[in-house]
Amino acid sequence: MPELPEVEVTRRGIAPGLVGRRIDAVAVREPRLRWPIPPGLARTLTGTTVRRVDRRGKYLLLDCAGTGRAGWLILHLGMSGSLRFVAPGTPPAKHEHFDLQAGGAVLRLTDPRRFGAVLWHPAADGPPSDHPLLAGLGVEPFAPEFSAQRLFEATRGRTASVKQTLLAGAIVVGVGNIYASESLFRARIHPGTAAGRVSLARYARLVPEIRAVLAEAIDKGGSTLRDFRTSDGPGYFQLDYRVYDRAGLPCRVCGTPIRRIVQGQRSTFYCPRCQR
DNA sequence: CAATTTACCTGGGTGC
DNA sequence: TGCACCCAGGTAAATT
């Protein structure tokens, strides 16, 4: 599943092939994603030039501008989406729903479960941060604004578990299901603890661990990164998980069997001895 | 009213 | 071979 690290690796992978290039053609083969791909998108995009490729949370933002048109193409990979470049004329396989042809390269979106999104945010509607899907997002985990103090203050009075609170993305983005379990393990915090009852000192342990685990995953993705021009995209890399998906296996620190619990219909993994 | 919980979208994989 | 069922993440809707 593409989480923030995969999306960031994708951003780095596709940006060189897009920035400064003119969009020559757009193909929409299957508009039924999480939300419909806007009907006029091909007409809007064709002829614009990609100025930047940014990321906000798990959203990719392509800054596109041309004569009389400007805005951002918003891409989300959902839980099964990926992007890669293919040679022009490559016949689309099943689940390959969307193409962006720019300067001889074709960026192709594959998404079997169609939980992803391709949306357009006109510049006239303000910056992308004004878009309803982006407006409520928390801070970026690598931004200086993300601090133990901020986490502490934002969670006072909250009764929801610290794991679910991180996952919700309203305080900090990018801590998906895998990285929530992993970072809480590294910080030795029990995932079931009410967010409002976690001390400032514990959040001071957690913040650097969140950054470390995300940075590690990005590095790993960068190092295993395939050629976005010819091959099949970022190929989801796996961190050497310490607790995630390790139910029943011995904790790498103390040997106690890792437990799996369900919080908000989602799996959480933790070590009952190391995390309290 | 804000916080919290539940439902839903889809299709690959699994087990019978 | 077919089919019921589970699971995944992010958002909307429902509920507290």
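Just so it is clear: chains get the letters A, B, ... in the order the sequence lines come, proteins before strands, and each one is counted from 1.
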(message) Whether the side chain of A/Arg205 engages the backbone of A/Ala187 through a donor-acceptor N/O pair (distance < 3.5 Å, no angle test) should be reported.
(response) yes
(request) Measure from the side-chain N and O atoms of A/His121 to the backbone N and O of A/Pro127, and report whether any donor-acceptor pair falls under 3.5 Å. (result) yes
(message) Around atom CZ of A/Arg259, are there more than 12 heavy atoms from other residues, nucleotides or ligands closer than 6.0 Å?
(response) no
(request) Round to the nearest Å and state the distance from A/Glu6 atom CD to C/dG9 atom P. (result) 11 Å
(message) Reading DNA chain B from 5' onward, which residue's closest nucleotide shows up sooner: A/Gly157 or A/Arg266?
(response) A/Gly157
(request) Please identify each residue that fulfils salt bridge (Lys or Arg N to Asp or Glu O under 4.0 Å) with A/Arg43, with sequence neighbours left out. (result) none
(message) Does A/Arg158 reach a base, just sugar-phosphate, or nothing at all? Heavy atoms under 4.0 Å.
(response) sugar-phosphate
(request) Give the rounded distance in Å between these two atoms: CD of A/Gln265 and C1' of B/dC8. (result) 10 Å
(request) Ignoring backbone atoms, test whether A/His95 places a side-chain nitrogen or oxygen under 4.0 Å from the OP1 or OP2 oxygen of B/dT10. (result) no
(request) Output the single nucleotide from B/dC9, B/dG12, C/dA12 whose closest atom is nearest the side chain of A/Arg113. (result) B/dG12
(message) Under a plain distance cut-off of 3.5 Å, with no hydrogens placed, do A/Arg69 and A/Thr48 share a side-chain donor-acceptor pair?
(response) no
(request) Check whether any side-chain nitrogen or oxygen of A/Arg114 sits under 4.0 Å from OP1 or OP2 of B/dG11, and answer yes or no. (result) yes
(message) Closer than 3.5 angstrom, by distance alone: can the side chain of A/His131 be matched with the main-chain N or O of A/Ser129 as a donor-acceptor pair?
(response) no
(message) Quick check on C/dC7: is either OP1 or OP2 less than 4.0 Å from any side-chain nitrogen or oxygen of A/Ser267?
(response) no
(request) May I ask you to list the residues of residues 159-167 of chain A, by number, that have any heavy atom positioned under 4.0 Å from an atom of DNA chain B? (result) A/Thr159, A/Ala160
